[in-house]
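What follows is a single structure, written as structure tokens, with notes after it.
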Amino acid sequence: MSDVFDLLRAERRARFFFAALTQSALGTGAGYIALLLLAYDRYRSAWAISLVLAADLLPTMLLGPLFGAAADRFSRKGCAVTADVLRAGAFGGIALIDDFAATVVFAAIAGIGTGLFRPAALAAVPSLVEARRIPAATAIFGAVEDVGFTLGPAAAAAVLLVLSPADVMTLNAVTFGVSAAVLAGVRFGRANAEVQDRDLMPSLVREARDGMSAAAATPGLRAVLLLSSATLLFCGLFNVAELLFAKEELGAGASEFSLLVMLFGFGFLGGSLAGAKGGALQDLKRAYLAGLTVLAAGFIGSALAPTILVAALTFTAAGFGNGLVLVHERLIIQAVIPDRLIARIYGVKDALTAWAFGLAFALGGALIELFGVRAVLLGAGIGSALVAVGAAAALASTWRMPEFAEVRAEPADAAGGSPSAGYFCGIRKRAAGQDRPDLLAAGDSWLSLLDDLDKSIDH
């Protein structure tokens, strides 16, 4: 926690950034409850919720890599501000227009905003702080997202005692308007588009494909992205089953269920903040694998929990493992991908995440009907355990070479101004210093590959 407090004291731009993110995240959590209530009120069917949630997920599922490519090509601040303006307008439209079809359309527009915002904001985080504080900033980003999803619904419950769901949605729109205004005044660092010759730029689709190629070609990263997506599929199944599990298996009321969700959120918060110190790539890998293991244990323990008290402990453990996985996945991406490609990698990751959750939401209800809620929870736990074992095997020989000694060991401007470029410069220096020409050649080849991926065109 000392790293987090040090960052908030010392980094003025980051304080504004995270303040804007926090209030909009709270609005998102509260707005989620209001959106479900409004959708069901406007179309009295279980399909109402499914259609609205699908509309929100679909843009990222289909266009995630393109959103990342846009954030790498254009101003990241411009993308983030545009995304917040889109979401402010969409949620305002949902509040004002009492029509279900319009609600679905506006939910899709909000989904476009979310799909564009996350890769732009995550890619911009390293430019907001000194290089040594990047892990802490990444941890805070994940923690802020979790605070919104944990406390936002609680805030909605209180506000709905005196206001309507449409009023809550209006307040949600206001939070995104505030965020856009604040972020417009924050300096994110130099935009990639300002240092490129626009006439020589490949198409946005080509750049999105380059990002996907880089994700597939980077040693270890492809395994991390795919395994994390599989884990999120099981997390989605857990989300679908948790309410029925609490009510039907444990006899919990609304307040007890809310407590379980809150404890999961607090566990997630702790796991996210546990990554604030960063470390060597080998350490990040170990923490990532530990997170997968703790998450699986939490899911299995929850499936077997005989009482609310035991479930409270296992839900907290599962949340901690989830937070640990997410923050160290992001730190690994920052360590192995140069700045000019990083938003595209986040776009690919977001697309995989959306597909994982979409599949879980589509299958969860049917699986519960066929096998029962405890069986689905147990299946999620066993599946997560298999992912943890697979990850340990897939990453066993990855990131063990000496040149991956320390994440962010080089100063931020060591190779042209970006923290990631400085890190890659550090790989080359350490390899040369160890008098290992084979490693230096490998490092140069990999850097050249990344350069070619960013500039390549079809032949």
Side-chain angles (χ1 to χ4, degrees), residues 29-30 32-33 36 46 49 142-143 145-158 160-161 230-274 289-327 356-357 360-361 363-389:
Y32 173 76
I33 302 298
L36 298 187
I49 293 174
E145 286 186 316
D146 180 62
V147 165
F149 286 117
T150 302
L151 299 183
L160 285 170
L161 293 175
T231 298
L232 290 174
L233 169 63
F234 297 121
C235 288
L237 292 176
F238 185 87
N239 292 153
V240 172
E242 60 184 353
L243 175 58
L244 291 176
F245 170 70
K247 290 173 66 85
E248 297 181 1
E249 299 293 331
L250 301 180
S255 59
E256 289 88 354
F257 172 67
S258 298
L259 176 64
L260 289 177
V261 174
M262 182 180 69
L263 289 173
F264 186 98
F266 283 140
F268 190 101
L269 182 65
S272 294
L273 294 178
L289 295 175
L292 291 174
T293 303
V294 172
L295 177 65
F299 283 173
I300 293 173
S302 297
L304 302 176
T307 65
I308 284 287
L309 180 59
V310 175
L313 297 175
T314 58
F315 269 59
T316 304
F320 183 84
N322 198 352
L324 207 60
V325 168
L326 181 60
V327 69
F357 276 112
F361 295 157
L363 294 178
L367 291 175
I368 290 172
E369 289 291 329
L370 286 173
F371 302 109
V373 66
R374 279 193 187 269
V376 170
L377 284 182
L378 185 60
I382 293 173
S384 298
L386 292 176
V387 170
V389 172

(message) Once salt bridge (Lys or Arg N to Asp or Glu O under 4.0 Å) is applied, what residue pairs with a partner in residues 295-314 remain, sequence neighbours excluded?
(response) none
(request) Could you pull out all residues at least two apart from Glu249 that satisfy salt bridge (charged side-chain N to carboxylate O under 4.0 Å, His left out)? (result) Arg374
(request) With the side chain counted from C-beta on, respond yes when Thr307 and Leu250 share a heavy-atom pair under 4.5 Å apart, and no when they do not. (result) no
(request) For Thr150, enumerate each residue passing the side-chain contact (heavy atoms from CB on, under 4.5 Å) test, keeping only those at least two apart in sequence or located in another chain. (result) Asp146, Met262
(request) Kindly check if the number of other-residue, nucleotide or ligand heavy atoms within 6.0 Å of CZ (Phe149) is above 12? (result) no
(message) If I compare all heavy atoms of Phe245 with all of Ala305, which pair ends up nearest, and what's the gap?
(response) CZ-O, 4.3 Å
(request) Would you mind listing every salt bridge (Lys or Arg N to Asp or Glu O under 4.0 Å) that reaches into residues 230-239, with sequence neighbours excluded? (result) none
(request) Name all residues meeting the side-chain contact (heavy atoms from CB on, under 4.5 Å) criterion together with Ala241; count only those two or more places apart in sequence or in a different chain, and write none if there are none. (result) Ile368, Val373, Val376, Leu377
(request) Output all residues satisfying side-chain hydrogen bond (donor to acceptor under 3.5 Å, both in side chains) with Thr231, sequence neighbours left out; order by chain, then residue number. (result) none
(request) First locate atom CG of Leu292, then atom CG of Asn322, and finally report the distance between them rounded to the nearest 0.5 Å. (result) 9.5 Å
(message) Are the side chains of Phe357 and Leu232 in contact, using a 4.5 Å heavy-atom criterion?
(response) yes
(request) Mind checking side-chain contact (heavy atoms from CB on, under 4.5 Å) for Leu36 and listing every partner two or more places apart, or none if nothing turns up? (result) Tyr32, Ile49, Leu53
(message) Taking side chain to side chain donor-acceptor pair (under 3.5 Å) as the cut-off, I'd like each qualifying pair that reaches into residues 260-270, sequence neighbours left out, listed once.
(response) none
(message) List the residues meeting side-chain hydrogen bond (donor to acceptor under 3.5 Å, both in side chains) with Ser302, not counting sequence neighbours, and say none if there are none.
(response) Thr314
(message) So, using side-chain contact (heavy atoms from CB on, under 4.5 Å) as the criterion, who are the partners of Ala360 when residues are at least two apart?
(response) Leu233, Leu237
(message) If I take atom OG1 from residue Thr316 and atom CG from residue Leu260, how far apart are they, to the nearest 0.5 angstrom?
(response) 8.5 Å
(message) Are the side chains of Val387 and Leu295 in contact, using a 4.5 Å heavy-atom criterion?
(response) no
(message) Using the ring pair (Phe, Tyr, Trp, His ring centres under 6.0 Å) criterion, which residues pair with Phe315? Sequence neighbours excluded.
(response) Phe238
